[in-house]
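All values derive from a computational prediction rather than experimental measurement. Order of the sequence lines sets the chain letters (A, B, ...), proteins ahead of strands, with each chain counted from 1. Atoms considered below: every heavy atom in the structure, side chains included; atoms not considered: hydrogens, waters and symmetry mates.
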There are 2 protein chains.
Amino acid sequence: MIFLSLNDFIEATNGPKCRVFENPDPKELIEVLKKLKTSHVITIFALCDAFYKGRAQSTLDKGERLIIIKPDGTLLIHDSRSREPKNWQPPGSIITFSYNNGSLLIKSKRYNPREEIRITCYTLYVVITARLGRGGLSLEGSEKEMAEIINKNPSLIEEGLRIVKREAKTPYGYVDLLGEDAKGRLVVIELKRGIAQINAVYQLVRYVEYFRSTARREVRGIIAAPKISKNAMLILKRYGLEYKRVKIR
Amino acid sequence: MIFLSLNDFIEATNGPKCRVFENPDPKELIEVLKKLKTSHVITIFALCDAFYKGRAQSTLDKGERLIIIKPDGTLLIHDSRSREPKNWQPPGSIITFSYNNGSLLIKSKRYNPREEIRITCYTLYVVITARLGRGGLSLEGSEKEMAEIINKNPSLIEEGLRIVKREAKTPYGYVDLLGEDAKGRLVVIELKRGIAQINAVYQLVRYVEYFRSTARREVRGIIAAPKISKNAMLILKRYGLEYKRVKIR
DNA sequence: CGTGCCAGGTGCCTT
DNA sequence: AAGGCACTTGGCACG
């Protein structure tokens, strides 16, 4: 049987990391998938269609796609375009395989919210199972990091500023940084690591409104970001708030 | 040469759709990848590390991963967990392959913003090239659809309501629906297809503030959603605004 | 192209 | 679990 001998060959050359199945028989494949789904990433090139129902609802017409199933329950259906999968299911979903009328059926369920995907694979071109690593990513340049840097060096915002609190809670949300300026005024600071848009402005507006209504002293509001959109700047000024260009690194 | 005969075998059985390369020699593979990158989805199982620099910056330690390169320029690096790739590059990025000291180097560049990923593949386990379809997805249950339904049947919000405008522009953003109630009052409606959070309230408050300052008549504000968060409801009421439970379908 | 905003957003963290 | 929010958010529609 060519099917088996090929696998043997592949296992011998690749070790246990990757197994490749060419045009596999769905019935036989299911047994393998059931065994490996909790430990291996399963990658399927197939002619398939898919139905999703949950928070929304969708139909994916029959076509050639790449299906990825991860041991954490993630399901991805990719086509030839876009960073985003056409359909997906997040980690924690429960996947089951079954056979129907020559096709491989893949079902993925999750609860809270209740959502389901059903994929019918009419033709299986290639299936690869692989044990992949995880993690190992370290990221720099987040807003959190920006807050830490400014916290340590408030003069990046202005001379004489002192940071009083980070992630200060208000009924209207969390303030990134709360400070006090050289003249003893309260300073509400909203950070953006990228371009500050108008929603950053209205966050700030609400916070400033809140502190003005509770703190019995002058309150300033500052957006600190490397850039600000034209419209955001306009609204900011209309509310008498300030923008401070802050470029980390 | 086993490498070639295997390919021949695979092409014969799979047709031109999928080509599988087992433990390929990077140098030879590069020629294939260069030819196929504009038409085929390239899937690489490899031991690799990666560096990203752009809006942020990251390092991905050496590990076994799944790399996907799409003809639209998309680059994805997946591991055994999560719906999200560990690293990526969006459509429109420019990919180049090169060889260095036994390794396959993959570089992806984009401009606006300027970002770059460099992947070093130390070991290539399996590489698959496939011509995949695209599109074919139809989605139901979007906010846009919700707006259409309410537009046709405003009594879903309240009796006597008349929709005046959709996507009404204000200096503070776009209002989902603008209506007029039975008593001739202006009604600003903010739609949410899921749970309305405080962010939705912010939006509505701004719009209502704007119309109150310009329209010389009474202005109401309504959030229409299947659900609203506790806090959002609290703030909403504090501003004298309303919530209307609307469940489509 | 920038600006605004929805998304089946996802992921992370806190209550 | 629900809430609040950043994200290399991505994606789209519009001026």
If we take the P atom in both dG4(D) and dT8(D), what is their distance in whole Å? 23 Å
Presence of Ser58(B) side-chain N/O under 4.0 Å of dT8(D) phosphate oxygens OP1/OP2: no
Any donor and acceptor pair, going by atom type alone, linking the side chain of Glu180(B) with main-chain N or O of Arg185(B) inside 3.5 Å? no
To the nearest Å, how far apart are Arg206(B) CZ and dT3(C) P? 16 Å
Cation over ring, Lys62(B) on Tyr122(B), under 6.0 Å and within 45°? yes
Is Ser229(B) near enough to dG4(D) that one of its side-chain N or O atoms lies under 4.0 angstrom from OP1 or OP2? yes
Looking at Lys230(B), does any N or O in its side chain come under 4.0 Å of the phosphate oxygens OP1/OP2 on dG3(D)? no
Expressed in angstrom and rounded to an integer, what is the separation of Leu76(A) atom CG from dG8(C) atom P? 15 Å
Carboxylate-amine/guanidinium contact Lys169(A) Glu167(A), below 4.0 Å: no
Starting at atom CE of Met146(B), determine the distance to atom C1' of dG8(C), rounded to an integer number of angstrom. 15 Å
For the pair made of CG in Asn199(B) and C1' in dG4(C), what is the distance, rounded to whole Å? 13 Å
Taking the side chain as everything from C-beta on, heavy atoms only, tell me whether Asp181(A) gets closer than 4.5 Å to Glu158(A). yes
Determine whether a donor-acceptor pair (one donor, one acceptor, N or O, separation below 3.5 Å) exists between the side chain of Asn231(B) and the base of dG4(D). no
Using a heavy-atom cut-off of 4.0 Å across all strands, would you classify Gln197(B) as base, sugar-phosphate, or nothing? sugar-phosphate
Of Lys192(A) and Lys144(B), the one whose nearest nucleotide on DNA chain D sits closer to the 5' end is Lys192(A)
What pairs with Glu148(B) under side-chain hydrogen bond (donor to acceptor under 3.5 Å, both in side chains), at least two apart in sequence or on another chain? none
Check: dG11(C) base within 3.5 Å donor-acceptor of Glu84(B) side chain: no
Rounded to whole angstrom, note down the P distance from dG8(C) over to dG4(C). 22 Å
Tyr172(A) and Arg238(B): side chain donor to acceptor below 3.5 Å: yes
Expressed as a whole number of angstroms, how long is the span from Arg81(B):CZ to dT10(C):C1'? 16 Å
Step by step, work out the salt bridge (charged side-chain N to carboxylate O under 4.0 Å, His left out) result for Lys86(B) and Asp79(B). CA-CA 7 Å; Lys86(B) 282 286 160 298; Asp79(B) 69 356; 3.4 Å; yes
Which part of the nucleic acid, if any, lies within reach of Leu137(B) when heavy atoms closer than 4.0 Å are counted: base, sugar-phosphate only, or nothing? nothing
dT8(D) phosphate, OP1 or OP2: any side-chain N/O from Arg193(A) under 4.0 angstrom? no
Does a side-chain N or O of Ser142(A) approach OP1 or OP2 of dA6(D) to a distance below 4.0 Å, or not? no
For Lys53(B), which contact category applies under a 4.0 Å heavy-atom criterion: base, sugar-phosphate, or nothing? nothing
Could you please name the option among dC6(C), dG11(C), dT10(C) that lies closest to any side-chain atom of Trp88(A)? dT10(C)
Looking at dA1(D), I'd like to know if its phosphate oxygens (OP1 or OP2) sit under 4.0 Å from a side-chain N or O belonging to Asn112(A). yes
Any idea which of dG8(C), dG11(D), dC6(C) is nearest the Glu190(B) side chain? dC6(C)
Using a strict threshold of under 4.0 Å (side-chain N to carboxylate O), is an ion pair present between Arg55(A) and Glu115(A)? yes
With sugar-phosphate meaning primed atoms plus P, OP1 and OP2, does Gly173(B) contact a base, only sugar-phosphate, or nothing at under 4.0 Å between heavy atoms? sugar-phosphate
What is the distance, to the nearest angstrom, from the CD atom on Glu143(A) to the P atom on dG4(D)? 17 Å
Could you tell me whether Tyr174(A) contacts a base, only the sugar-phosphate backbone, or nothing, with contacts defined as non-hydrogen atoms closer than 4.0 Å? sugar-phosphate
Heavy atoms only, 4.0 Å cut-off, all strands: where does Ile198(A) land among base, sugar-phosphate and nothing? sugar-phosphate
In whole Å, I'd like the distance from the CD atom of Glu167(A) to the P atom of dG3(D). 18 Å
Interatomic distance, Leu75(A) CG vs dG8(C) P [rounded to whole Å]: 16 Å
Of Ile117(A) and Ile228(A), the one whose closest DNA chain C nucleotide lies more 5': Ile228(A)
base_contact_polar (dG8(C) base, Gln89(A) side chain, donor-acceptor, <3.5 Å): yes
Identify whether any heavy atom of Pro91(A) sits under 4.0 Å from a base atom; if not, whether one sits that close to sugar-phosphate; answer base, sugar-phosphate or nothing. sugar-phosphate
Does Tyr207(B) reach a base, just sugar-phosphate, or nothing at all? Heavy atoms under 4.0 Å. sugar-phosphate
OP1 or OP2 of dG4(D) versus the side-chain N and O atoms of Gln203(A): is any pair under 4.0 Å? no
Report the nucleotide, chosen from dG10(D), dT8(D), dT10(C), that has the shortest atom-to-atom distance to any side-chain atom of Arg83(A). dG10(D)
Along DNA chain C (nearest heavy atom to each residue), the more 5'-positioned of Leu139(B) and Ile235(A): Ile235(A)
